[in-house]
Amino acid sequence: EKTDTLNVPVDDVIGEMKILDCGKLSIEKYLRIIHASKTVVWNGPVGLYEYKQFEKGTKTIAKEIAIRKGKLNSYLGGGDTLDAIARFKIKHSNYTFVSTGGGAMLEFLEGKILPGISVLMK
């Protein structure tokens, strides 16, 4: 199925137009932040990665975090995030931790005691 796409600056998005991926400047900003970080927590793709024309932001960020293995701690959460890295053929072992439970992972990182963990602590 072919989808017509139009790349416009965010200020030019009007009416029924939709933003389906990061633009070049946003991707560059994410990459600068990743390079300056010791820890990255990523919970969810940044675009409609399921379609090739909208995968660039998610794919670029996923690859950048993966190649920085050993230089930063990376925690990826959410089924869509894991689906994206699988589509891009990036191994889970390139990240410090991956979880299909994105919301649960964020709650755990906040310090909340999750039901499954509390049972194990007893």
Under the 3.5 angstrom rule, does the side chain of [X] hit a backbone N or O of [Y] as a donor-acceptor pair?
X: K69; Y: S93; answer: yes
X: N73; Y: T96; answer: no
X: T100; Y: G79; answer: no

Looking only at non-hydrogen atoms, find the nearest pair between [X] and [Y] and report the distance.
X: F54; Y: L48; value: CB-O, 3.2 Å
X: G78; Y: N43; value: N-OD1, 3.8 Å
X: G57; Y: C22; value: CA-CB, 4.4 Å
X: I65; Y: S74; value: CG2-CB, 3.4 Å

Are V10 and I14 connected into the same hydrophobic cluster when the rule is that any two of I, L, V, M, F, W, Y join if their side-chain heavy atoms are below 4.5 Å apart?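 Yes, I14 connects to V10 through the hydrophobic network.
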F88-V46 co-clustered via ILVMFWY side chain contacts under 4.5 Å: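 Hydrophobic grouping puts F88 with V46.
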Can you tell me how far [atom2] of [Y] sits from [atom1] of [X], rounded to the nearest 0.5 angstrom?
X: Q53; Y: L20; atom1: CD; atom2: CG; value: 8.5 Å
X: I67; Y: L72; atom1: CD1; atom2: CG; value: 10.0 Å
X: I34; Y: K71; atom1: CD1; atom2: NZ; value: 13.0 Å
X: D21; Y: K56; atom1: CG; atom2: NZ; value: 8.5 Å
X: I61; Y: L31; atom1: CD1; atom2: CG; value: 6.5 Å
X: L82; Y: L76; atom1: CG; atom2: CG; value: 7.0 Å

Going by atom types only, do Y49 and D83 share a side-chain donor-acceptor pair under 3.5 Å?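 There is such a pair (donor and acceptor under 3.5 Å, judged by atom type) between the side chains of Y49 and D83.
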Can you establish whether the number of heavy atoms outside F108 located under 6.0 Å from its atom CZ is more than 12?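 Atom CZ in F108 is not crowded, with 12 or fewer foreign heavy atoms closer than 6.0 Å.
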[X] side chain near [Y] side chain, heavy-atom distance below 4.5 Å:
X: R87; Y: E50; result: yes
X: K24; Y: I27; result: no
X: F97; Y: M105; result: yes
X: T81; Y: P45; result: yes
X: R68; Y: H35; result: yes

Show, in sequence, the C-alpha distance, side-chain angles and deciding distance for Y95 and I90, and conclude whether the side chain to side chain contact (heavy atoms under 4.5 Å, CB included) test is met. CA-CA 9 Å; Y95 306 100; I90 304 171; 3.3 Å; yes
Going through the distances and angles, do E28 and L25 end up as a side chain to side chain contact (heavy atoms under 4.5 Å, CB included)? CA-CA 5 Å; E28 289 172 2; L25 296 177; 3.8 Å; yes
Does the side chain to side chain contact (heavy atoms under 4.5 Å, CB included) test come out yes or no for T58 and W42, once each step is laid out? CA-CA 11 Å; T58 300; W42 185 21; 3.9 Å; yes
